[in-house]
Amino acid sequence: MKSLLCWLLILLRLQCFLPTKFCEETGQVFAVFGEEVTLRVSVAEEQEIRKILWVSSRGVLIATSYPGRPVEIREDFYANRLTASSDGSIILKDVKKEDGGIVKATIYLLDGGDCSQTFNISVTGKCGKSKTVSAKVGGNVTLQVEESYVGDRFWERPVGVHFATTKPDGYIDLRGSQYNGRLMGSHDGSLTVTNLSAKDQGDYRAVLYPVDGVFCAQMYNVYVSGACSGLSAGVAVYVITGITTMFTIKFRGAKADLQI
Ligand SMILES: *[C@@H]1O[C@H](CO)[C@@H](O)[C@H](O)[C@H]1NC(C)=O
Ligand SMILES: *[C@@H]1O[C@H](CO)[C@@H](O)[C@H](O)[C@H]1NC(C)=O
């Protein structure tokens, strides 16, 4: 039994030394012209990042980032346009047409391993104004897409995080599990979220493809009425605490009265 345990430990250690080649496959990133976009790195939870080299498809070193430290920008084209988030992911501001293309991040880990992650950036415009939709808790909300768009619709929430793809024939492909059977596609490629809860409130983005052009981004603001937002929940607790305090004081007062 003891030797088995030893072998297991040795195997585990050996696994630690095997280099991880890819952190994630090529990711499609949609960036709206003039806005900002985050290139998010993702490594296994237990792994810690030492530094990240960011290289363009032309082989030019764009920047070096480190978790918890300011990014070092290596290319004038990106001067004043790059910042890093706490995990070393980079945020590119004031997106230009020339930012489109492949960016490769080579991630060096604290344990000596490394892996690479590729971002395929498409620079898009906006499809139109943001659409506001609302429904009650437990109800359904449909994020409508006009029929003039063709091909896949990419759904993101938060902006930049792809969670579903729909097609005009009602096909739907899900990533992640937070919607747990609550998403439906429809004949025009619109997306319906059913059985809404407070957590569903917020901004959604669809990346759409018009017949005659390049991708565009459509924003949706979803409001869920009857949902306690963090603030109103806080106020409710405050009110209840207040009432309890009042009762306690009254009760004590009554008790004091009785004793007198
Ligand atoms: C990058 O994205 C564009 C637009 O979707 C696509 O045409 C191209 O094939 C992609 N390139 C790679 C290497 O994935
Ligand atoms: C939401 O959609 C589901 C599935 O189509 C349906 O069964 C349900 O009745 C709808 N709920 C409301 C409140 O419209």
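In each ligand, atom 1 is the first atom listed, and ligand 1 is the first ligand listed.
- Contact annotation: Lys136 has no heavy atom less than 4.0 Å from any atom of ligand 2.
- A side-chain donor from one of Thr192 and Thr142 sits under 3.5 Å from a side-chain acceptor of the other.
- Between Ser122 and ligand 1, not a single N/O pair is under 3.5 Å apart.
- Gln218 has its side chain out of reach of Arg205: every pair of non-hydrogen atoms, C-beta onward, lies at least 4.5 Å apart.
- Which parts of ligand 2 touch Thr194 is read off a 4.0 Å heavy-atom cut-off, strictly below it: atoms 2 (O).
- There is a protein heavy atom less than 4.0 angstrom from atom 5 (O) of ligand 2.
- Side-chain contact annotation: Gln201 with Asn221, donor-acceptor N/O pair under 3.5 Å absent.
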- Message: Before you tell me yes or no, could you show the steps for Thr165 and Trp155 under side-chain hydrogen bond (donor to acceptor under 3.5 Å, both in side chains), namely the whole-Å CA-CA distance, both residues' side-chain angles and the distance that decides it to 0.1 Å?
- Response: CA-CA 6 Å; Thr165 304; Trp155 297 92; over 6 Å; no
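- Taking the side chain as every heavy atom from C-beta outward, Asp152 and Phe154 approach each other to under 4.5 Å.
- Protein heavy atoms all stay at least 4.0 Å away from atom 9 (O) of ligand 1.
- Atom 14 (O) of ligand 2 lies below 4.0 Å from at least one non-hydrogen atom of the protein.
- Contact atoms of ligand 2 toward Asn140: 1 (C), 2 (O), 3 (C), 8 (C), 10 (C), 11 (N), 12 (C), 14 (O) (distance under 4.0 Å to a heavy atom of the residue).
- Protein heavy atom at the shortest distance from atom 1 (C) of ligand 1 is Asn120 ND2, 1.4 Å.
- At a heavy-atom distance under 4.0 Å, only side-chain atoms of Ile102, from C-beta outward, approach ligand 1.
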Which pairs would a plain distance check flag for residues 53-67, meaning a side-chain donor or acceptor within less than 3.5 Å of a matching protein atom at least two apart in sequence or in another chain?
| from | atom 1 | to | atom 2 | distance (Å) |
| --- | --- | --- | --- | --- |
| Trp54 | NE1 | Ser65 | OG | 3.0 |
| Ser56 | OG | Arg58 | N | 3.2 |
| Ser56 | OG | Val60 | N | 3.4 |
| Thr64 | OG1 | Arg74 | NE | 3.4 |
| Thr64 | OG1 | Arg74 | NH2 | 3.3 |
| Ser65 | OG | Gly88 | O | 2.8 |

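- Less than 6.0 angstrom separates the ring centroid of Tyr209 from the ring centroid of Phe215.
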